[in-house]
Student: 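Before we start, here is the structure in question, set down as structure tokens.
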2 protein chains.
Amino acid sequence: MFSENMVQKLESSSWIRVMFEEGNRLAKIYGADKVYDYSLGNPFDEPPAEVQESLLKHITSGEPGLHKYMSNSGYGDVRAKIAKKLQEESTVSISDNNIVMTVGAAGGLNVVLKSLLNEGEEVMVFAPYFVDYGSYVSNFGGKTVVVPANTETFEPNIEEFEKRINAKTKAIILNTPNNPTGVVYSEEILKRIEEILQKKGKEFNTTIYVISDEPYSKIVYDDIKVPSIISIFQNAIVVDSFSKSLGLAGERIGYIAASSNIEDISTLVNVFIYCTRVLGFVNAPALFQKVVGDCLYVKPNVEDYKAKRDFLYENLVRIGFKVNKPQGAFYLFPKALISNDIEFTQAATKHNLLLVPGSGFGCPGYFRMSYCVNFDMIRNSIPAFERLAEDFK
Amino acid sequence: MFSENMVQKLESSSWIRVMFEEGNRLAKIYGADKVYDYSLGNPFDEPPAEVQESLLKHITSGEPGLHKYMSNSGYGDVRAKIAKKLQEESTVSISDNNIVMTVGAAGGLNVVLKSLLNEGEEVMVFAPYFVDYGSYVSNFGGKTVVVPANTETFEPNIEEFEKRINAKTKAIILNTPNNPTGVVYSEEILKRIEEILQKKGKEFNTTIYVISDEPYSKIVYDDIKVPSIISIFQNAIVVDSFSKSLGLAGERIGYIAASSNIEDISTLVNVFIYCTRVLGFVNAPALFQKVVGDCLYVKPNVEDYKAKRDFLYENLVRIGFKVNKPQGAFYLFPKALISNDIEFTQAATKHNLLLVPGSGFGCPGYFRMSYCVNFDMIRNSIPAFERLAEDFK
């Protein structure tokens, strides 16, 4: 009766959101402080003071037309500031004409994929990966090709990647620092990927675009430097958001930045702008464009996330979990204590622990924990993990 | 190289946006006060004081989590307020479970169409109509069927409508008060449409949904009452936005409200919520959800629009244009002085008049003027219309 495809997909819907709703349900029964909800990447911190100041400044300034339509690409002054910052951080020339403001990174990814894909073309993702990528690709008639995980390092599996490239490969999606593992892909691996893309592009006489989903690029630990995707890849299209770095997940604000090395870049950007309109975004929310333009150099409270990562990592290892220590983002991706991760996370809810099965990231046998939560909740959850481990001894 | 479909469509892109960009170009050459830009439905007024107060209240309140993710359907308290108001205005039971907050009406329409359409199903629109409807429908494999205009009254052409219904008709889109004509469809016509939908639904054993795009429902003149779509149509899905009524076009905030008389409504709403996520909207912008929740009963400055309508209508008629006096919205849709409306609007740019050809609304031979502009601009533009009319004598 409705869209059959959507009704079917609804039934196999995201584990993250299932757990988020389950958390709300359990919180009503047991009280929010008795539920250990590690399900959602919803930054715990309030936005930094600079965001608050910028909001107040713009609202009280009386600047005319602040809340009106602007060009579909977004406010020119904000795009210019973003271009300037990206220019400082990369070796590639980026002008404000290469920037399109978006309704978050999810909106940006949809715009990019609609702009690129023809029916049946393929987009490659590296497991474990954010499962909604698959939905975004299929929105536009594309096919998602999954490169299986290298569960030793959780860096891209290069051999399996190279095997899967063919004449229909239109793009790959990179996500580093990675959700769900927190791994920062090394510059060496990224450069090998670019070499392979260049080689295969010549072989098949195609252009393979690199779509880089970068919401966690500012959340890194231990002086790790995230390699600049736009400097490494000729055909780089960066999609960024301020959801995580400025704690603005609910405000839906981000941008697309495309490398000026892409052939016929001005047509591509015009297609981005057109797709922004016809997908119904029209433009990124006006006020928050101005706000993020003011806050581009504001850094998230990484020390706080680091303390949480360290505490959880040490405790999980002590309890007997196998887990890689993440270098960025705010996720841990431990191995489940049984091979069936769905059964495992369901067992965890008995201890009021909300974990997301790795199957939801194309990587069964593991589970994801978002530690962008209250430190007290983390501390109080440790006995629950101990009891959970006890159940599987 | 990119999406061939999108590159092609880009080239035949919206006249409204073409004129908007042309206006920016001319303003740079001649000065903004010398360009008479009637191209874009961008409310001239700043948002009312209540919006400003609500923004300040929420920003300074320190309410925790204001800018975070919430459920994909939006904030529960805001949805409850909207349901209550709709309940007051209609004869149908509407609960907050039937409301999904959206990224403007354009976002809402995309969510609804993705939720309903299977490949090849048809959506009917009544000319003249907002041209992006066609793009929204084709985003999801649907086919737009245009009912030709009744250029006497600009109400729906019932005979032509009935002829075009078949087993593939999945939905119709209504837009009253109408963009571009300003006509408010009469209750009598709407009830005849419902009778036909019920009859044809039985004949073909299908359900035909009525998608009502209602951004102008609060902008009506002369004590005209806009008939309640959700009260008249069994399968009504209302899509509303605050772009026009609260002057928030750039903030992208609206909602979907579905009638509880729709069969299997809870599945449909869950599909809306799912599509909100996978289309990359994720949720409507958080802060402005709260703001519109506070301002549901705030009325736009209709008297100001009415004065502009009256002044323009009288002058255009005096100059020799044939035009229906609109009852709502902030558009006039006069007949062009030659049959080729594109040629006519191009000629108008020589007098620095920016008008949108009716061809862009599926109704050649006419042109659209948005009078949500400065009254001085309207006054100053009258000699330009006189010169334009002189050119075609």
Side-chain angles (χ1 to χ4, degrees), chain A residues 1-7 9-10 13-14 17 21 40 42-43 46-47 52 55-56 59 64 67-70 72 103-104 106-107 109-110 114-118 132 135-136 139-140 207 247-252 263-264 267-268 270-271 274-275 277-283 285-288, chain B residues 1-7 9-10 13-14 17 40 42-43 46-47 52 55-56 59 64 67-72 103-104 106-107 109-110 114-118 132 135-136 139-140 207 247-252 263-264 267-268 270-271 274-275 277-283 285-288:
Chain A
M1 191 152 82
F2 313 130
S3 163
E4 283 171 33
N5 192 5
M6 286 303 107
V7 172
K9 285 197 172 168
L10 174 66
S13 185
S14 160
R17 286 286 168 169
E21 304 294 349
L40 199 64
N42 204 356
E46 293 300 321
Q52 182 78 356
L55 272 170
L56 272 176
I59 288 171
H67 306 290
K68 287 189 175 194
Y69 288 128
M70 76 295 307
N72 295 134
V103 174
L109 289 166
N110 273 277
K114 185 169 180 74
S115 300
L116 290 178
L117 289 176
N118 295 292
D132 282 0
S135 302
Y136 304 163
N139 282 341
F140 310 111
T207 303
L248 293 175
E251 301 298 355
R252 316 308 307 133
E263 198 184 324
D264 204 4
T267 299
L268 182 58
N270 282 330
V271 177
Y274 176 74
C275 289
R277 196 184 97 213
V278 298
L279 280 173
F281 299 111
V282 182
N283 55 246
L287 173 61
F288 277 94
Chain B
M1 192 151 84
F2 313 129
S3 163
E4 284 171 32
N5 191 6
M6 286 303 106
V7 172
K9 286 198 172 170
L10 173 66
S13 186
S14 160
R17 287 284 169 172
L40 199 63
N42 205 355
E46 293 299 321
Q52 182 78 355
L55 272 169
L56 273 176
I59 289 169
H67 306 290
K68 288 188 173 192
Y69 288 130
M70 75 298 304
S71 289
N72 295 132
V103 174
L109 288 167
N110 273 276
K114 185 168 178 73
S115 300
L116 290 179
L117 288 176
N118 295 292
D132 282 1
S135 302
Y136 304 163
N139 282 341
F140 311 111
T207 303
L248 294 175
E251 302 298 355
R252 316 307 308 133
E263 197 184 325
D264 205 4
T267 299
L268 180 59
N270 282 330
V271 176
Y274 176 75
C275 288
R277 196 183 96 214
V278 299
L279 280 173
F281 299 110
V282 183
N283 55 248
L287 173 60
F288 278 94

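To find a chain, count down the sequence lines: A is the first, B the second, and so on, and within it residues start at 1.
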Student: Between chain A and each of B:Phe288, B:Phe2, B:Phe140, count heavy-atom pairs under 4.5 Å; write down the option with the most.
Tutor: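 That would be B:Phe2.
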Student: Looking at B:Thr267, B:Leu248, B:Asn42, which makes the most heavy-atom pairs under 4.5 Å with chain A?
Tutor: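 Answer, by heavy-atom pair count under 4.5 Å with chain A: B:Asn42.
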Student: Using a cut-off of under 4.5 Å on heavy-atom pairs, state which of A:Asp264, A:Leu116, A:Leu117 scores highest against chain B.
Tutor: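 Top count of heavy-atom pairs under 4.5 Å with chain B: A:Leu116.
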Student: Please determine, among B:Leu268, B:Val103, B:Thr207, B:Leu55, the option with the most heavy-atom pairs under 4.5 Å with chain A.
Tutor: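 Looking at each of B:Leu268, B:Val103, B:Thr207, B:Leu55 in turn, B:Leu268 comes out on top.
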Student: What residue in B:Lys114, B:Gln52, B:Glu263 has the most heavy-atom pairs under 4.5 Å with chain A?
Tutor: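 Top count of heavy-atom pairs under 4.5 Å with chain A: B:Lys114.
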Student: Where do B:Met6 and A:Val271 come nearest, in terms of heavy atoms and distance?
Tutor: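 Closest pair (atom of B:Met6, atom of A:Val271, distance): CB-CG1, 3.7 Å.
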Student: Is B:Val7 close to A:Asn270 at the side-chain level, that is, under 4.5 Å between some pair of heavy atoms?
Tutor: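 No; the side chains remain at least 4.5 Å from each other.
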Student: What are the two closest non-hydrogen atoms of B:Arg252 and A:Asn283, and how far apart are they?
Tutor: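 Looking at all heavy atoms of both residues, the closest pair is CG-O, 3.3 Å.
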Student: Any side-chain heavy atom of B:Ser3 within less than 4.5 Å of one from A:Asn118?
Tutor: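 Yes, their side chains come closer than 4.5 Å.
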Student: Do you know which two heavy atoms are closest between B:Val278 and A:Asn139, and how far apart they sit?
Tutor: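 Distance-wise, the nearest heavy atoms are O-ND2, 2.9 Å.
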Student: To check you understand the geometry: which heavy-atom pair defines the closest contact between A:Tyr274 and B:Ser135, and what is its length?
Tutor: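 Closest heavy-atom pair between A:Tyr274 and B:Ser135: OH-OG, 3.8 Å.
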Student: For the side chain of A:Asp132 and the backbone of B:Arg277, is there at least one donor-acceptor N/O pair under 3.5 Å apart?
Tutor: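 No, because the side chain of A:Asp132 does not come within donor-acceptor range (under 3.5 Å) of the backbone of B:Arg277.
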Student: Please classify the contact of A:Leu109 with chain B as side chain, backbone, both or neither, using a heavy-atom distance under 4.5 Å.
Tutor: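 Nothing of A:Leu109, per the 4.5 Å heavy-atom cut-off to chain B.
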Student: Among B:Gly250, B:Pro64, B:Gly104, which has the most heavy-atom pairs under 4.5 Å with chain A?
Tutor: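 Answer, by heavy-atom pair count under 4.5 Å with chain A: B:Gly250.
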Student: Where does A:Glu4 contact chain B at under 4.5 Å (heavy atoms): side chain, backbone, both or neither?
Tutor: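 Contact with chain B is through both the backbone and side chain of A:Glu4.
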